[in-house]
Protein chains: 2
Amino acid sequence: MKLSSGVEWSLHCCVVLSQATTTVPAAQLAKLHGVSQTYLAKHLQALARAGLIRSVAGQDGGYLLTRAGSAISVLEVVLAVEGDEPAFRCTEIRQQGLLAAPPKAIRKRCAIARTMAAAEAAWRDSLAGVSIADLADTIDADTGGVAMPRVRSLLASPTSR
Amino acid sequence: MKLSSGVEWSLHCCVVLSQATTTVPAAQLAKLHGVSQTYLAKHLQALARAGLIRSVAGQDGGYLLTRAGSAISVLEVVLAVEGDEPAFRCTEIRQQGLLAAPPKAIRKRCAIARTMAAAEAAWRDSLAGVSIADLADTIDADTGGVAMPRVRSLLASPTSR
DNA sequence: GCCACCTTACTCGGATAAGGACTGTCCGAGTCGCTAAGG
DNA sequence: CCTTAGCGACTCGGACAGTCCTTATCCGAGTAAGGTGGC
């Protein structure tokens with residue numbers, strides 16, 4: 001089990017975008033975080049397809065959040081990048097081989113699949129309870145109120161544009 | 001995010017092993033579930049390395065649980081197959097690029113990493129609360145008490161041996 | 001002075017290679033049970 | 001009848017290819033802003 005590195009990148013980018021008052025190009029987001037510009041673009045496109053961010057083409061274009069940071073959960077970002085398919089996929093082993101279960105038992109979902117699904121639901125609930133704004137607030141608090149003003153300052157500075 | 005199919009196989013095998021009174025060869029476990037014999041062996045070896053099952057070589061050899069099914073959690077099986085590394089790995093993006101955080105902020109772990117870790121902890125807690133014996137009981141209940149006796153019967157029959 | 005058009009530069013978007021992990025397979029080393037011979 | 005040595009077959013264990021997904025990259029289509037010429 002491994003999460004794509006794009007999840008981390010996307011979450012950081014969403015926090016930055018939540019501080020922006022105008023569009024931010026993908027190239028600038030890449031420079032701010034020191035990651036591959038072209039590969040980050042791929043993940044931003046996934047976020048755009050999911051409707052979390054919106055793209056503006058042409059001069060002075062870039063990306064912006066479609067909603068307030070407080071209205072976007074971490075779960076939405078993770079699912080947009082990773083896909084909404086469950087991590088555990090039941091292949092119905094119980095219907096194969098010598099142990100093939102009688103049709104009567106097929107009424108209910110496989111107990112193992114239910115157990116794994118319950119765990120994944122707990123994971124999703126945990127992520128659904130945290131918003132992008134919460135992340136920004138926490139990061140700001142961790143740095144004594146320095147981080148977010150600095151982000152806004154860098155976004156406004158024309159040098160990195 | 002995708003879990004290895006070996007997780008599903010291993011869990012089913014552990015349920016079967018919890019019903020066995022003697023060793024069960026890997027080949028038989030594969031036939032019971034209709035899966036690849038050689039590939040299943042790979043995952044069983046992982047379970048053995050984790051100390052969940054023990055291998056017995058030679059004639060009438062095979063695998064057996066090292067503990068009672070009630071003393072083995074689903075989480076242990078999943079971690080044995082998937083590895084105990086967390087799904088989300090923080091690469092410390094906050095220290096890279098133009099947004100490189102001041103050293104003062106490095107005292108605490110990245111807020112994003114903490115959020116992801118908390119969700120993963122919830123996932124693990126959920127899986128840790130279910131044992132192999134619980135799975136066996138649930139499967140048995142789902143089938144009206146037919147499944148587990150049938151497993152024991154097939155394990156005892158010499159035809160599949 | 002105002003408007004329309006054009007040029008320009010910048011942006012995203014999808015199509016295109018390289019690497020690594022999961023999936024699947026094979027054969028060899030080691031071990032236990034059975035057999036048979038000897039005491 | 002009991003012990004013991006040898007044989008045989010069965011078991012696991014690690015080493016070896018195939019395929020899919022993640023990672024990384026590139027160039028082309030589209031678009032908005034700014035400048036320019038005409039009215």
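Here is the naming used below: chain letters follow the sequence lines, and residue numbers restart at 1 for every chain.
Rounded to whole angstrom, the span from the NE2 atom of A/His43 across to the P atom of D/dT25 amounts to 12 Å. Look at NE2 on B/His33: it is 16 Å from P on C/dG24, rounded to the nearest Å. What separates CG of B/Leu3 from P of D/dC21 is a distance of 16 Å, to the nearest Å. Computed from coordinates, the B/Tyr63 OH to C/dC32 P distance equals 15 Å when rounded to whole Å.
Looking only at side-chain heavy atoms (C-beta outward), B/Met148 and B/Thr143 stay at 4.5 Å or farther from each other. For the pair A/Val16/A/Leu32, a side-chain contact is recorded, criterion being any heavy-atom separation below 4.5 Å from C-beta on.
Not one side-chain nitrogen or oxygen of A/Ser5 sits closer than 4.0 Å to the OP1 or OP2 atom of D/dT22. For the pair B/Ser4 and C/dT23, the criterion of a side-chain N or O lying under 4.0 Å from OP1 or OP2 is met. Dashed line: the shortest gap from a side-chain N or O of B/Ser55 to OP1 or OP2 of D/dG13 is under 4.0 Å.
Residue pairs meeting the side chain to side chain donor-acceptor pair (under 3.5 Å) criterion with at least one member in residues 114-132 of chain A, sequence neighbours excluded: A/Arg114-B/Asp142, A/Ser131-A/Asp134. A ring-ring contact (aromatic ring centres under 6.0 Å, His included) check over residues 44-86 of chain B, counting only residues at least two apart or in different chains, returns nothing. Residue pairs meeting the salt bridge (charged side-chain N to carboxylate O under 4.0 Å, His left out) criterion with at least one member in residues 65-79 of chain B, sequence neighbours excluded: B/Arg67-B/Glu76. Within the structure, salt bridge (charged side-chain N to carboxylate O under 4.0 Å, His left out) contacts touching residues 32-42 of chain B (residues at least two apart or in different chains) do not occur.
Distance check, rounded to the nearest 0.5 Å: CD of B/Glu92 to CZ of B/Arg109 gives 9.0 Å. Atoms CG and CG, from B/Leu98 and A/Leu154 in turn, are 6.5 Å apart once rounded to the nearest 0.5 Å.
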Could you go through nucleotides 25-29 of chain C and list every protein N or O atom that sits under 3.5 Å from one of its N or O atoms, giving the distance for each pair?
residue, atom, partner, partner atom, Å
C/dT25, OP2, B/Ser36, OG, 2.9

Strictly under 3.5 Å: I want the nitrogen or oxygen pairs between protein and nucleotides 30-35 of chain D, one per line.
none

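Summary of the strand contacts: A/Leu44 and A/Lys2 both lie near DNA chain C, and taking for each the nucleotide with the nearest heavy atom, the more 5' one is attributed to A/Leu44.
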Return all side-chain donor-acceptor pairs below 3.5 angstrom for residues 7-14 of chain A, not counting sequence neighbours, or 'none' if the list is empty.
residue, atom, partner, partner atom, Å
A/Glu8, OE1, B/Thr91, N, 3.3
A/Glu8, OE1, B/Thr91, OG1, 2.8
A/Glu8, OE2, B/Thr91, N, 3.0
A/Glu8, OE2, B/Thr91, OG1, 3.3
A/Ser10, OG, A/Gly6, O, 2.7

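Residues satisfying the side chain to side chain contact (heavy atoms under 4.5 Å, CB included) test with B/Ala46, not counting sequence neighbours, are B/Arg49. Under the side chain to side chain contact (heavy atoms under 4.5 Å, CB included) criterion, A/Gln59 pairs with no residue at all, not counting sequence neighbours.
Residues from residues 45-54 of chain B that place a heavy atom under 4.0 Å from any atom of DNA chain D, listed by number: B/Gln45, B/Arg49.
The other members of the hydrophobic cluster of A/Leu64, by chain and number, are A/Val56 (side-chain heavy atoms under 4.5 Å, ILVMFWY only).
Within the 4.0 angstrom heavy-atom criterion, no nucleotide atom of any strand lies near A/Ala27. Here A/Ala26 lies in heavy-atom contact (under 4.0 Å) with sugar-phosphate atoms only.
Minimum atom distance to the side chain of B/Trp9 is reached by C/dG24, of the listed D/dG13, D/dT11, C/dG24.
Counting heavy-atom neighbours within 6.0 Å of A/Arg89 CZ, excluding the residue itself, gives a total above 12. Crowding of B/Arg152 atom CZ: a count of heavy atoms from other residues, nucleotides or ligands under 6.0 Å exceeding 12.
Helix-axis bend for the helix from C/dG1-D/dC39 to C/dG39-D/dC1: the local axis fitted to the five terminal pairs at one end deviates from that at the other end by 20°, rounded to 10°.
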